[in-house]
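Just below is one structure, and these are the notes that go with it.
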Amino acid sequence: MQPWFDPSLLFINGTWRACASGETLPVINPSTGEEFARIARGGGADVDAAVEAASAALAGPWGALTAAERGRILLRLSHLVLDHAEALAEMEATDVGKPLTQAKADVIALARYCEFYGGAADKLTGQTIPFQQGYTVYTLREPHGVTGHIIPWNYPMQIIGRSIGAALATGNACVLKPAEDACLTALAFADLAHQAGLPAGALNVVPGLGTEAGAALTAHPDVRHLSFTGSVATGKRVQIAAAENIVPVTLELGGKSPQIVFADADLDKALPFLVNAGIQNAGQTCSAGSRILVQREIHDQLAARLSAEISALTIAPAMEDARLGPLVSARQKAIVEGFLAQATPDQILAQASVPEGLPEGGNYVAPTLIGNIAPDHPLAQNEIFGPVQVLIPFDDEDDAVQIANGTKYGLVASVWSADGGRQMRLAKRLHAGQVFLNNYGAAGGVELPFGGVGHSGHGREKGFEAMYAFTTLKTVAAHHG
Ligand code: NAD
């Protein structure tokens, strides 16, 4: 699948151009291991040009638009994304190995983010504040200025939608550094935004390596806000860079999210969620429900039902649209296999089989259920970022909370129980940015604020909350006697 634009170029100031070094990086199809395109290896000079273009846009036509005009551009962009749904989904499936149905869901989510933030653009208001006699005091919500966006490869379109959508709606000018393994839909989005009428420089895309283009963006003194989604290790570096320039940073990092199943849960309803929350996008999901905590009296029953489901999962190249495609890269496959090697044979409760005859260079890993494992085992503590779930028994509510809160992460949690009081108690006690009661929301929720606690990060994106994050508050006090 070849994109409709030249993917080896950068998108800066509304035009396509080669990167300063002229170097390119390969784009590998994870389903086959074959190179099918090249992307630019952007660096410091390209980031400088992108930030300069963004600054000029703020001082020029982009900065002069009203909130309603910005909103209309995003709404037009939403329609253009839908018009290109098939091409975008095929591009993503080929680039990151995501099964076609899941890639299509990401396109719909991207369009929905543009729609949501397009509609929200002129709904953000300040306040008037009662103060002393003779004063009128009010607040203004203003854009930060140039915002830097660094995103990972697992849900490129969704993360572009939530981060760039909210930043543009609030009047910032953006520089986006997509992940090395997933640049195509970011470039396509910039092209569509241009077609939708976004003024030059309001959105610039600089593909390249994290240590080069990414690091240059985080260090740039004219970038006034950083939005980072990715690993904990890189998140720390980004936060340190943000500290050097004293700029706010949103960190959306990893997780080891618990799905807690009590004996009174409706297992027929829960089962598809329990499985899907772990294997969607081949488990490469920050909010994957990768720890299933089960009340001891139904442990064996649930283990048997999960085993049957997981053993039957289908695996195929992304374009054949099975339940799982390959992992994004040979590197990610090696990481997941390294984790799996830590399990003893009695800990592998179930494993699907990778079918014969798949392309040899593809990064296929069999979905696996692990059990007979202590809650503090590395497999139960670390984010694996592959199709691997662990099953851990608990005795009662206190035990469940202790195990659930017993990792360094805190992104999402779910509670499966018929007891309403218990649902409310656990919703308060669980360390997580989102808690789902009798459902699991890893699939989306454009309207729902999202983010973590602990090593899952800080700050919130999605929903209206992101509009606050992408603005700075100014208080105006007028003394008129
Ligand atoms: P990563 O941290 O390796 O890379 C993320 C981005 O950071 C990439 O664009 C990369 O090029 C860039 N980068 C790398 N080094 C950099 C540096 N020194 N300075 C600036 N930028 C740099 O993460 P990944 O492997 O691409 O993504 C997987 C991780 O992302 C997982 O931990 C996952 O949980 C997390 N994630 C979180 C969310 C969320 O919303 N919380 C969503 C998706 C993924």
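Quantities reported herein were computed from a predicted structural model and do not represent experimental measurements. Counting starts at 1 for both ligands and their atoms, following the listed order.
Every side-chain contact (heavy atoms from CB on, under 4.5 Å) that I403 has, sequence neighbours left out, goes to R291, L293, P375, I392, F394, D399.
Here side-chain hydrogen bond (donor to acceptor under 3.5 Å, both in side chains) pairs that include residues 404-414, with residues two or more places apart or in two chains, are S414-W416.
With hydrogens left out, the protein atom closest to atom 8 (C) of ligand 1 is I151 O, 3.4 Å, a heavy atom. The nearest protein atom to atom 10 (C) of ligand 1, hydrogens excluded, is given as E180 OE1, 3.6 Å; this is a heavy-atom distance. Considering only non-hydrogen protein atoms, atom 24 (P) of ligand 1 sits nearest to W153 NE1, 3.4 Å. Regarding atom 12 (C) of ligand 1, its nearest protein heavy-atom neighbour is I150 CG2, 3.6 Å. Atom 35 (C) of ligand 1 has as its closest protein heavy atom G230 O, 3.1 Å. Protein heavy atom at the shortest distance from atom 41 (N) of ligand 1 is L253 O, 2.7 Å. Ranking protein heavy atoms by distance to atom 42 (C) of ligand 1, first place goes to C286 SG, 3.0 Å. Remark: minimum distance from atom 32 (O) of ligand 1 to any protein heavy atom is reached at E383 OE1, 2.7 Å.
In this structure, A215 is part of the shell of residues with a heavy atom less than 4.0 angstrom from ligand 1. The shortest heavy-atom distance from I159 to ligand 1 is under 4.0 Å.
A distance of 4.5 Å separates CG in L430 from CD1 in I260, rounded to the nearest 0.5 Å.
Annotation: R162 places an N or O atom under 3.5 Å from an N or O atom of ligand 1; distance criterion only. The shortest N or O to N or O distance between S456 and ligand 1 is not below 3.5 Å.
Ligand-side atoms of ligand 1 in range of G214: 19 (N), 20 (C), 21 (N), range being under 4.0 angstrom from any heavy atom. For ligand 1, the atoms lying closer than 4.0 Å to a non-hydrogen atom of N154 are 43 (C), 44 (C). Under a 4.0 Å criterion applied to the non-hydrogen atoms of K177, ligand 1 contributes the atoms 9 (O), 10 (C), 11 (O).
Atom OH of Y468 has 12 or fewer neighbouring heavy atoms from other residues, nucleotides or ligands inside a 6.0 Å radius.
When the options S231, G457, A219 are ranked by their closest heavy atom to atom 23 (O) of ligand 1, first place goes to S231. The nearest non-hydrogen atom to atom 13 (N) of ligand 1, considering only A233, G235, G210, A186, comes from G210. Of the listed residues (T229, I335, T234), the one carrying the non-hydrogen atom nearest atom 5 (C) of ligand 1 is T229.
Between Y117 and Y113, the ring planes lie parallel to each other; the angle is under 30°, not in the 30° to 60° tilted range. Between F5 and W16, the two ring planes are parallel [angle under 30°; tilted spans 30° to 60°].
Between K177 and E212 no salt bridge is recorded (no basic side-chain N to carboxylate O distance below 4.0 Å).
Between the side chains of T147 and H149, a donor-acceptor pair is found at a separation under 3.5 Å. Under 3.5 Å, the side chains of T229 and R162 contain a donor-acceptor pair of N or O atoms. Checked by atom type, the side-chain pair S8/D6 shows a donor-acceptor distance below 3.5 Å. Judged by distance alone, the side chains of E461 and T250 never bring a donor and an acceptor atom under 3.5 Å apart.
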List the steps and the verdict of side-chain hydrogen bond (donor to acceptor under 3.5 Å, both in side chains) for N29 and T94. CA-CA 6 Å; N29 179 344; T94 315; 5.3 Å; no

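Of all the heavy atoms of P178, the ones lying under 4.0 Å from any atom of ligand 1 belong exclusively to the backbone. Residue contacts with ligand 1, taken as heavy atom pairs separated by less than 4.0 Å, do not involve Y155 at all.
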